[in-house]
2 protein chains.
Amino acid sequence: MSETGSSFSETGSYTLAIDGMGGDGGPEVVVAGLAIAADRHPSARILLVGDEAKLSGLLSRHPRAAAICTILPAGSAIPMDMKPTAALRVRDSSMRLAMDAVAKGAAQGVVSAGNSGAMLALAKIVVKTLPGISRPAMAALSPTTRGDVVMLDLGANVSCDWRNLVEFAIMGEAFAKAVLGLPAPTIGLLNVGSEELKGDERLRQAAEVLRGSALARQFHGFVEGHDITAGTTDVVVTDGFTGNVALKTGEGALKMAFTLLRQVFTSSLLGRIGYLLVRPGLERMKEWLDPRRYNGAVFVGLNGVVVKSHGGTDAEGFAAAVDVAMDMVTHRFTDSIRDRLAHMEKLTSVKVTPDQQAVPAS
Amino acid sequence: MSETGSSFSETGSYTLAIDGMGGDGGPEVVVAGLAIAADRHPSARILLVGDEAKLSGLLSRHPRAAAICTILPAGSAIPMDMKPTAALRVRDSSMRLAMDAVAKGAAQGVVSAGNSGAMLALAKIVVKTLPGISRPAMAALSPTTRGDVVMLDLGANVSCDWRNLVEFAIMGEAFAKAVLGLPAPTIGLLNVGSEELKGDERLRQAAEVLRGSALARQFHGFVEGHDITAGTTDVVVTDGFTGNVALKTGEGALKMAFTLLRQVFTSSLLGRIGYLLVRPGLERMKEWLDPRRYNGAVFVGLNGVVVKSHGGTDAEGFAAAVDVAMDMVTHRFTDSIRDRLAHMEKLTSVKVTPDQQAVPAS
């Protein structure tokens, strides 16, 4: 069952299973987002999973969305605050049935704006982890002065060992290839200094393994917090705790900058005139940094594409998450990780000496 | 010896020992910084430690600095890349002699722009850790939309247990009182979500202990990355790895915002005119976010005030680090942590059950 997750027809038409009930805005936002997505991906097919009456009512108001959607009725929805263990016991939830569709091969990817913890738990159980990957990670794009950077893990794994970090590097590299279209993305390991001796044993071991791996030429070494937005590397690898804090801290800092800018432009008449003059440039800058543009975090390392939309996003943000899922599916992201893992088979035979130092197998 | 570190005369005159040789800019930047500091703290006395010939030559060109400085000759200087263990063996370094002055009570605080690792190691050995504190932490101010926030640890301890985090909360609270002048600063524990069950055991234990402590009313609970710049709490507590990454990520994001803004204002003639109109407001914003204004990280938990200036700062930045040291000394920061620890004595008798759950002693 799990093997069929990424097999799909060669006709160029891809199917995404969409959880119609997830997110703070519920089905209204999802269907409005699908209407936007339908324009961008007219040949996509959508399995829209959830409350049939509600969804068909909404689709009748969004004919563009209706044109690409088929409703898959689901008896229940996972509440945003339900614990993952409880969510696993609900067999007829829209989130579960959407995952089932991927596991059965009826869809190549799933998008949900619902409960993240439940989503990760269901993805592991239903879509299943790729052979050779011990734990899926959450990856997403983030803006830099030079383009976009892939960051992972963003919170799926609060604590990680060196093996997880190496796997994240492999998956992040495949992600950057699929979504950013880079032929040989560079990889940085997030640390508190760029010198080889900085950080903990876990980081030094991961770095040592990567230096001796097939990714050696793309591995840049350690990077620091400011390197994320500087675009020093195309991929930044870290544990889920640090990644989550870094992502939210960066977003918070940008939000502060915009708050202060608003004060500059509204506190005086000259400021207001100045605003009118620079407005087009400011709008472009705001658009570049718009969190909605970066909506759509991917649970990587699974037997299919699983995309988490922010729960509080709007239709535009949800459409961006659908874009990410389509990018991953059309670029055969899952297959690309699978290939990379086959080449990195040595990794699984890395020996760990008693003092926990990683020694790549010769 | 260590007990005298915070005892000082009641005449209102405080002495700081300044490492004259530290930092990328060397003695030139230090002395130029002291010239600025002399205007702000005319009654301060400075023990300027380092190469006598070089420092006296510089002082002769900065009469304002000379008026408050006495040179304490040192035979050597710690290079920026020397390992802490090696630095500890150099007995006549300017950094060492400055720390000695604090330990002997000849000065109440020390400021250096030198090698951080060496500084922390020397501070632990020479100035010594306060009784009741297991590890010193690095604390500094950071900008928010509502004022400044105290963040710690910023890198002194790459990994921490719950006890360290609780100690950081105690020290951060005292720091916020001394430097921000707040009567009852609020404290947040940095996590990947604000719900009680988020994060790892270490964080949940620290939160539980704080909720049952004398700081309970000031403890806000868990905060997330975006809460740092939102100013949700006055103090944000985290381990040194996460704190270092968060600080640098936030700085990086602001730098990106300014880079993009520069493009907005320089890419067209209208942009340039707009810039002229909003320039005063932008300058204020830039000043508010200026990393130099936040220069001066404090190693807290020691028997005296130890301030680390950024190695790459200029004279203005170095003067800001001197400001921080003066604030800490005049507000009797060390005594205030000592008092707080006495009130929190219960903390040291917290029981840890076999499953590592913290249970505050009744």
Side-chain angles (χ1 to χ4, degrees), chain A residues 81 83 143-145 155 158-159 190-193 195 197-200 224-231 238 240-261 263-265 267-268 270-282 284-285 288-289, chain B residues 81 83 143-145 155 158-159 190-193 195 197-200 224-231 238 240-261 263-265 267-268 270-282 284-285 288-289:
Chain A
D81 56 355
K83 286 195 184 167
T144 83
T145 36
V158 165
S159 61
L190 194 57
N191 201 342
V192 294
E195 302 85 355
L197 288 166
K198 287 274 181 180
D200 55 21
E224 299 185 65
H226 50 82
D227 288 306
I228 300 172
T229 45
T238 187
F241 189 89
T242 311
N244 186 285
V245 168
L247 184 82
K248 290 177 180 167
T249 302
E251 283 178 0
L254 291 179
K255 201 176 163 190
M256 172 171 69
F258 279 113
T259 303
L260 296 173
L261 263 184
Q263 287 168 12
V264 169
F265 287 120
S267 60
S268 72
L270 283 180
R272 279 188 212 106
I273 298 169
Y275 173 71
L276 293 177
L277 297 179
V278 296
R279 194 172 171 173
L282 274 181
R284 274 197 305 278
M285 172 179 167
W288 174 254
L289 300 175
Chain B
D81 56 355
K83 287 194 184 166
T144 83
T145 36
V158 164
S159 61
L190 194 58
N191 201 342
V192 294
E195 303 86 353
L197 289 167
K198 287 276 181 181
D200 54 20
E224 298 184 67
H226 50 81
D227 288 305
I228 300 171
T229 44
T238 187
F241 189 89
T242 312
N244 187 286
V245 168
L247 184 82
K248 291 176 179 167
T249 303
E251 284 178 359
L254 290 179
K255 201 176 162 189
M256 172 171 67
F258 278 113
T259 302
L260 296 173
L261 262 185
Q263 287 168 12
V264 170
F265 288 120
S267 60
S268 71
L270 284 181
R272 280 188 212 106
I273 298 169
Y275 173 71
L276 292 176
L277 296 179
V278 296
R279 194 172 172 173
L282 275 180
R284 273 197 305 278
M285 173 180 167
W288 174 253
L289 301 175

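Note that the structure is predicted; figures quoted are calculated from it, not measured. Below, chain A is the first sequence line, B the second, and so on; all start at residue 1.
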If we define contacts as heavy-atom pairs under 4.5 Å, which of A/Asp200, A/Leu261, A/Thr144 has the most with chain B?
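Going by pairs under 4.5 Å, I would pick A/Leu261.
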For [X], which atoms come within 4.5 Å of any heavy atom of chain B: side chain, backbone, both, or neither?
X: A/Pro143; value: both
X: A/Ala230; value: neither
X: A/Ile228; value: side chain

Under a 4.5 Å cut-off applied to non-hydrogen side-chain atoms, are B/Thr145 and A/Lys255 in contact?
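A side-chain contact under 4.5 Å is absent here.
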Contact summary for [X] and [Y], nearest pair of heavy atoms:
X: B/Leu270; Y: A/Val278; answer: O-CG1, 4.3 Å
X: B/Ala257; Y: A/Leu254; answer: CB-CD2, 4.0 Å
X: B/Met256; Y: A/Thr229; answer: CE-CG2, 3.6 Å

Counting only heavy atoms from other residues, nucleotides and ligands, does the tally under 6.0 Å from CZ of B/Arg279 exceed 12?
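At most 12 heavy atoms, drawn from other residues, nucleotides or ligands, come within 6.0 Å of this atom.
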Side-chain donor/acceptor pairs under 3.5 Å, residues 243-251 of chain A, sequence neighbours excluded:
{"unit_1": "A/Asn244", "atom_1": "OD1", "unit_2": "A/Lys248", "atom_2": "NZ", "d": "3.1"}
{"unit_1": "A/Asn244", "atom_1": "ND2", "unit_2": "A/Leu154", "atom_2": "O", "d": "3.0"}
{"unit_1": "A/Lys248", "atom_1": "NZ", "unit_2": "B/Val192", "atom_2": "O", "d": "3.3"}
{"unit_1": "A/Lys248", "atom_1": "NZ", "unit_2": "B/Glu224", "atom_2": "OE1", "d": "2.3"}
{"unit_1": "A/Thr249", "atom_1": "OG1", "unit_2": "A/Val245", "atom_2": "O", "d": "2.6"}

Hey, could you give me the CG/CZ distance between B/Leu190 and A/Phe241, rounded to the nearest 0.5 Å?
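Reported value, rounded in 0.5 Å steps: 5.5 Å.
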Out of curiosity, B/Phe265 CZ to A/Leu277 CG, how far, rounded to the nearest 0.5 Å?
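Going from CZ on B/Phe265 over to CG on A/Leu277, the span is 10.0 Å.
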